[in-house]
Peer 1: 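Sending over a structure as structure tokens; questions will come in a sec.
Computation of the quantities below employed the complete heavy-atom set of this structure, encompassing side-chain atoms and omitting hydrogens, waters and symmetry-equivalent molecules. FYI, the numbering just counts along the sequence from 1.
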Amino acid sequence: MVSHSQRDLTSARETIYQAISAIRMIDPHTHINPHAPASTTLADILGYHYYTELVHSAGMPRLEIEEPNIGPQELVRRLVFGLENISNTANYGWLIDLCQTFFGFEDDQITSNNWEALYDAAETKMSSPNWSQQILDQSNVEAVFLTNDFDDELEGFDTNTYIPCLRTDDLVFHLAKPEVRRRLESCSGVSLNGSLSSLRDALRQRFEHFVAHGARACAISLPPTFAPTHISDAEAAAALDQVLKNGLNSNASSVETLSQFVFWTLAQLCSQFRLPFDLMIGVNRGVYPAGVFQGQDLYDSRVSLIQYRELFNAFPSVKFPVSVLASVTNQELVSYSWIFPNVITNGHWWYSNTPSFIQRDLTARLEAVPRSKQIGYYSDAYKLEFVLPKFDMYRRILSGVLAEQFVGENGWSEERAIELGHQVLRGNVDRLFQQPQGEPGNWSEAAEVPDVNAYVATASTEPPEELDPVPSDNEIDTAGLPDVQLTGRAVDDVLAMETEDEPLDVGNIVGEVPADPSGPDTPGSQIQMLTGDGEFTPDQDSMRLKPDPMTGELQFPIDESKPKKPSE
């Protein structure tokens with residue numbers, strides 16, 4: 001192994017950083033509005049929840065931040081007074097970085113003395129023609145993925161630059177709300193008439209719409225208690241009926257059952273339309289209700305990816321890029337991506353998106369997960385200005401890990417380390433989020449439902465009707481499946497081979513004396529023993545369990561005085 005001095009590693013880190021900074025990026029997850037992708041004032045930037053929640057946490061009253069009808073300049077003035085308390089954070093570093101890069105800011109802090117000049121400079125820049133494209137070019141970003149509501153028309157923007165992604169939280173968790181159902185009916189053109197087929201049709205139409213407009217993924221944010229499982233049609237139909245009748249007054253069990261059914265159906269559609277299904281796992285909503293907007297949710301360490309084992313096993317062809325909210329869950333994600341071919345490590349989400357957590361989690365992934373199964377980073381940005389500083393933070397950390405671990409420890413060349421960096425940053429995004437080609441497939445994954453109710457491959461694009469574990473006569477007739485038929489040797493012949501020649505005399509067990517004891521209708525006088533059965537005479541001692549002297553295990557005593565049969 002080649003020994004490298006600290007100077008060599010510093011040089012390698014800088015070489016790798018410069019090389020991977022030249023990669024034109026695709027950001028695989030943002031919350032950017034394609035109709036207003038860039039900021040219009042500094043308030044759009046300082047209003048990012050990373051700043052409002054931190055200054056609120058540091059003591060600024062919520063009402064000062066969210067006062068109705070507050071103007072953008074006044075909001076910035078107020079927030080500036082809270083920035084000093086968060087100047088130690090990585091988030092503050094993003095702020096200074098983007099202000100220096102885009103607005104010519106020359107100081108290293110925003111204070112009461114310089115914020116107004118910065119505000120004016122930013123407003124001038126933001127009003128320039130094609131400001132959004134200027135940011136993309138200066139940030140070296142080719143495209144960004146969006147987060148689109150299921151009823152988004154996806155019109156009026158370039159879907160090659162702003163790539164649609166179907167966000168499904170409302171569909172899974174909020175169908176009990178009448179307005180959500182109305183939205184689904186309106187955008188899909190399908191009336192939810194109470195049948196499962198109408199719900200399936202509406203969901204399928206949304207996939208057709210999104211794929212036709214260039215969508216590359218489906219996504220959802222999931223609470224720590226959610227555990228995906230397959231739901232039978234009978235259960236789902238009953239739950240749908242309850243939800244349609246009672247809405248928000250539906251019982252919790254029906255709402256949960258319907259959520260499970262919709263989620264599983266979405267996974268089937270992802271398989272059919274060949275879309276990855278982004279899972280962002282572990283957020284517990286509303287932990288701090290008094291917090292500012294988007295500053296109320298936290299991670300929950302009770303989450304485990306074992307809750308998703310049925311899903312991962314059922315859909316082997318669906319790629320699941322998984323984000324975990326906390327670094328403490330990263331080792332479990334690494335191990336699942338280690339084993340499951342369809343589990344992909346995806347970015348560093350929310351509370352784990354700081355340098356110390358990124359470095360630790362990234363190192364673990366690069367050491368253990370196949371290089372083809374890692375999506376290095378996404379910005380989660382709400383405005384384009386944040387893509388550059390966030391990605392730059394990640395690139396510096398990635399360069400350090402590649403230099404220290406792979407060049408320094410493993411003896412890789414810098415070129416080889418750069419190739420790995422390129423694959424993690426861009427190559428895997430291109431490959432895993434390809435534009436779906438051709439017609440959508442069928443409901444054809446043999447392992448989609450690992451139980452007796454499994455969907456089977458068919459030529460139809462609709463799933464077959466399922467049977468309950470104990471189906472009704474009507475369900476059996478509707479399924480159109482043949483009855484079970486016995487073939488080969490007759491049943492009587494089989495039974496004759498498995499019974500003793502001599503019957504077992506059990507006496508009169510009905511307590512009545514028959515008129516004709518030898519008659520054919522005499523009940524229970526003889527039992528034909530199965531092969532290997534013997535005489536049994538119950539008594540108090542033989543029915544008492546006794547401990548085995550060697551193991552202590554309780555068992556019936558064995559009469560060793562009787563000769564054993566060969567079969568014993």
Side-chain angles (χ1 to χ4, degrees), residues 10 13-25 27 30 32 37-55 58 72-73 75-142 144 348 353-356 358-359 377-400 425:
T10 300
R13 183 186 302 112
E14 185 61 23
T15 299
I16 295 169
Y17 169 74
Q18 293 296 334
I20 63 176
S21 294
I23 301 169
R24 193 155 179 84
M25 300 303 306
D27 189 341
T30 77
I32 286 169
S39 302
T40 57
T41 72
L42 199 59
D44 290 336
I45 292 174
L46 279 178
Y48 193 17
H49 70 86
Y50 277 101
Y51 303 114
T52 57
E53 62 199 13
L54 281 173
V55 297
Q73 192 162 6
L75 175 61
V76 173
R77 185 192 69 79
R78 295 180 185 184
L79 291 174
V80 163
F81 284 99
L83 291 181
E84 174 60 29
N85 289 322
I86 70 169
S87 61
N88 57 295
T89 65
N91 310 336
Y92 187 88
W94 307 336
L95 176 62
I96 298 301
D97 191 4
L98 72 84
C99 286
Q100 291 174 342
T101 301
F102 298 122
F103 312 132
F105 188 61
E106 296 181 351
D107 296 332
D108 59 3
Q109 293 186 74
I110 301 174
T111 68
S112 59
N113 295 322
N114 61 19
W115 76 267
E116 290 179 287
L118 173 60
Y119 186 95
D120 292 340
E123 192 170 32
T124 299
K125 283 280 191 178
M126 294 170 181
S127 63
S128 61
N130 300 317
W131 174 237
S132 298
Q133 189 60 47
Q134 290 182 49
I135 298 173
L136 290 171
D137 292 340
Q138 196 166 352
S139 304
N140 203 18
V141 171
E142 179 179 326
V144 297
H348 301 268
N353 187 29
T354 57
S356 59
I358 292 174
Q359 182 168 1
Y377 195 71
Y378 55 76
S379 73
D380 213 14
Y382 284 74
K383 292 295 182 181
L384 284 178
E385 288 88 348
F386 279 101
V387 176
L388 174 59
K390 284 186 156 188
F391 261 92
D392 204 50
M393 174 188 68
Y394 178 79
R395 282 190 293 249
R396 291 191 181 279
I397 298 168
L398 175 60
S399 300
L425 275 169

Peer 1: Could I get the full list of ring-ring contact (aromatic ring centres under 6.0 Å, His included) partners for Tyr119, not counting sequence neighbours?
Peer 2: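 Counting only residues at least two positions away or on another chain, Tyr119 forms no ring-ring contact (aromatic ring centres under 6.0 Å, His included).
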Peer 1: Please report the closest heavy-atom contact between Val80 and Ser112, naming both atoms and the distance.
Peer 2: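 Looking at all heavy atoms of both residues, the closest pair is CG1-N, 3.9 Å.
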Peer 1: Near Gln134 CD, under 6.0 Å, is it more than 12 heavy atoms from other residues, nucleotides or ligands?
Peer 2: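 Atom CD in Gln134 is packed in, count exceeds 12.
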Peer 1: Under 3.5 Å, is there a donor-acceptor pair between the side chain of Asn140 and the main chain of Met25?
Peer 2: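 Judged by distance alone, no pair lies under 3.5 Å.
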Peer 1: Salt bridge (Lys or Arg N to Asp or Glu O under 4.0 Å) with Glu142: which residues, sequence neighbours excluded?
Peer 2: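 Residues passing salt bridge (Lys or Arg N to Asp or Glu O under 4.0 Å) with Glu142: Arg426.
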Peer 1: Set out, in order, the CA-CA distance, both residues' side-chain angles and the distance that settles side chain to side chain contact (heavy atoms under 4.5 Å, CB included) for Leu384 and Ile32, then state yes or no.
Peer 2: CA-CA 7 Å; Leu384 284 178; Ile32 286 169; 3.3 Å; yes
Peer 1: Just verifying a value: how many Å separate Ile20 CD1 and Thr15 OG1, rounded to the nearest 0.5 Å?
Peer 2: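 That separation rounds to 11.5 Å.
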Peer 1: Any chance you could measure Phe386, atom CZ, to Asp27, atom CG, to the nearest 0.5 Å?
Peer 2: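 Nearest 0.5 Å value for the CZ-CG distance: 13.0 Å.
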Peer 1: Report the distance from atom CE of Met393 to atom NE2 of His348, rounding to the nearest 0.5 Å.
Peer 2: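 Those atoms lie 8.5 Å apart.
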Peer 1: On a heavy-atom basis, which atom in Gly47 and which in Thr52 lie closest, and how many Å separate them?
Peer 2: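 Distance-wise, the nearest heavy atoms are O-CG2, 3.7 Å.
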Peer 1: Listed by chain and number, what are the side-chain contact (heavy atoms from CB on, under 4.5 Å) partners of Ala38, not counting sequence neighbours?
Peer 2: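 Ala38 satisfies side-chain contact (heavy atoms from CB on, under 4.5 Å) with Trp131, Ser132, Ile135, Glu385 only.
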Peer 1: Got a sec, which residues hit salt bridge (Lys or Arg N to Asp or Glu O under 4.0 Å) with Asp392, two or more places apart in sequence or on another chain?
Peer 2: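 Scan of Asp392 (salt bridge (Lys or Arg N to Asp or Glu O under 4.0 Å), adjacent residues dropped) gives Arg395, Arg396.
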Peer 1: Return the CG to OG distance between Asn85 and Ser87, rounded to the nearest 0.5 Å.
Peer 2: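 OG of Ser87 is found 7.5 Å from CG of Asn85.
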Peer 1: Please identify each residue that fulfils ring-ring contact (aromatic ring centres under 6.0 Å, His included) with Phe102, with sequence neighbours left out.
Peer 2: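 For Phe102 there are no ring-ring contact (aromatic ring centres under 6.0 Å, His included) partners, ignoring immediate neighbours.
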Peer 1: I'd like to check Thr30 versus Lys383 (side-chain heavy atoms, cut-off strictly below 4.5 Å). Are they in contact?
Peer 2: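 No, every pair of side-chain atoms sits at 4.5 Å or beyond.
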Peer 1: Taking side-chain hydrogen bond (donor to acceptor under 3.5 Å, both in side chains) as the test, write out the residues that go with Glu53, two or more places apart.
Peer 2: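 With sequence neighbours excluded, Glu53 shows a side-chain hydrogen bond (donor to acceptor under 3.5 Å, both in side chains) to His49, given in chain and number order.
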Peer 1: Mark yes or no for whether Ser379, through its side chain, and Val387, through its backbone, hold a donor-acceptor pair below 3.5 Å.
Peer 2: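 Not at all, since once roles are kept as given, no pair shorter than 3.5 Å links the two residues.
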Peer 1: Taking side-chain contact (heavy atoms from CB on, under 4.5 Å) as the definition, give me every residue that meets it alongside Thr111, ordered by chain and number, with sequence neighbours left out.
Peer 2: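 Partners of Thr111 under the side-chain contact (heavy atoms from CB on, under 4.5 Å) test: Gln109, Asn113, Asn114.
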Peer 1: Just wondering, are more than 12 heavy atoms of other shown residues or ligands nearer than 6.0 Å to CG in Asn130?
Peer 2: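 Count not over threshold, so no.
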Peer 1: Under the ring-ring contact (aromatic ring centres under 6.0 Å, His included) test, which residues partner Phe105, sequence neighbours left out?
Peer 2: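 Partners of Phe105 under the ring-ring contact (aromatic ring centres under 6.0 Å, His included) test: none.
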Peer 1: Just verifying a value: how many Å separate Ile45 CD1 and Phe103 CZ, rounded to the nearest 0.5 Å?
Peer 2: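 It is 4.0 Å, given to the nearest 0.5 Å.
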Peer 1: Can you give the donor-acceptor pairs under 3.5 Å from side chains of residues 92-100 to other protein atoms, not counting sequence neighbours?
Peer 2:
residue : atom : partner : partner atom : Å
Tyr92   : OH   : Ile110  : N            : 3.0
Asp97   : OD1  : Thr101  : OG1          : 3.4
Gln100  : NE2  : Asp107  : O            : 3.0

Peer 1: Got a sec, which residues hit side-chain hydrogen bond (donor to acceptor under 3.5 Å, both in side chains) with Thr89, two or more places apart in sequence or on another chain?
Peer 2: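 So Thr89 forms no side-chain hydrogen bond (donor to acceptor under 3.5 Å, both in side chains) with any residue.
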Peer 1: State which residues pass side-chain hydrogen bond (donor to acceptor under 3.5 Å, both in side chains) with Lys390; sequence neighbours excluded, sorted by chain then number.
Peer 2: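 Counting only residues at least two positions away or on another chain, Lys390 forms a side-chain hydrogen bond (donor to acceptor under 3.5 Å, both in side chains) with Tyr48.
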Peer 1: If I take atom CG from residue Leu398 and atom CG from residue Leu425, how far apart are they, to the nearest 0.5 angstrom?
Peer 2: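 Reported value, rounded in 0.5 Å steps: 5.5 Å.
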Peer 1: Please determine, by modelled atom types, if Tyr377 and Asn353 share a side-chain donor-acceptor pair under 3.5 angstrom.
Peer 2: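 There is such a pair (donor and acceptor under 3.5 Å, judged by atom type) between the side chains of Tyr377 and Asn353.
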Peer 1: Sub-3.5 Å donor-acceptor pair from the side chain of Ser139 to the main-chain atoms of Leu136, do we have one?
Peer 2: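 Side chain of Ser139 to backbone of Leu136: no pair is present.
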Peer 1: Looking at residues at least two apart in the chain, or sitting in another chain, which of them share a salt bridge (Lys or Arg N to Asp or Glu O under 4.0 Å) with Arg78?
Peer 2: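 Partners of Arg78 by the salt bridge (Lys or Arg N to Asp or Glu O under 4.0 Å) criterion, ordered by chain and then number, come out as Glu67, Glu74.
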Peer 1: So, for Leu46 and Val76, which heavy atoms are closest and what is the spacing to 0.1 Å?
Peer 2: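 So the two residues come closest at CD1-CG1, 3.8 Å.
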